[in-house]
Amino acid sequence: MTQRSPLQTKIYLPPFITIFYSNQPTTNHIITNDFADDKAILAFHSKPEIASNLIQSHLKLLKTWCKQLEIDINESKSAHSPFCYHSTC
């Protein structure tokens with residue numbers, strides 16, 4: 001048996017998982033990423049208040065989407081971590 005490097009390993013996703021991920025809400029100025037049962041939501045803006053509002057509006061859409069699919073979000077495991085180029089955060 002030959003060993004493969006991680007770059008050569010193919011990941012198989014069942015069709016229902018692919019549909020599940022492609023059906024998630026999207027908004028402008030927001031980047032999302034998923035890994036297992038974790039989700040990262042990033043917003044980019046020069047003003048931290050606006051970036052925070054963008055994330056909040058995306059979370060409202062995500063909450064509605066999860067409610068429709070009967071997915072529970074564990075709020076005790078959720079965190080908000082602002083990152084800024086300036087010391088205004």
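Just so you know, these numbers use all the heavy atoms, side chains as well, and skip hydrogens, waters and symmetry mates.
Hydrophobic cluster membership of L42, counting Ile, Leu, Val, Met, Phe, Trp and Tyr whose side-chain heavy atoms lie under 4.5 Å apart directly or via other members: I31, F44.
Note: the hydrophobic cluster containing I30 does not contain L61 (ILVMFWY, side chain heavy atoms under 4.5 Å, direct or indirect links).
Between I73 and C66, the shortest heavy-atom contact is CD1-SG, 3.8 Å. Counting all heavy atoms, side chain and backbone alike, I55 lies closest to I41 at CD1-O, 4.1 Å.
Applying the side-chain contact (heavy atoms from CB on, under 4.5 Å) test to A51 and every residue at least two apart in sequence or in another chain returns A43, H45. Applying the side chain to side chain donor-acceptor pair (under 3.5 Å) test to K39 and every residue at least two apart in sequence or in another chain returns Q24, D34. With sequence neighbours excluded, no residue forms a side chain to side chain donor-acceptor pair (under 3.5 Å) with D72. Applying the side chain to side chain donor-acceptor pair (under 3.5 Å) test to S78 and every residue at least two apart in sequence or in another chain returns nothing. N28 is linked by a side-chain contact (heavy atoms from CB on, under 4.5 Å) to nothing, counting only residues two or more places apart in sequence or in another chain.
From L59, atom CG reaches atom CG of L54 across 11.0 Å, with rounding to the nearest 0.5 Å.
Among residue pairs with one or both ends in residues 50-63, those qualifying as side chain to side chain donor-acceptor pair (under 3.5 Å) are T27-H58; sequence neighbours excluded.
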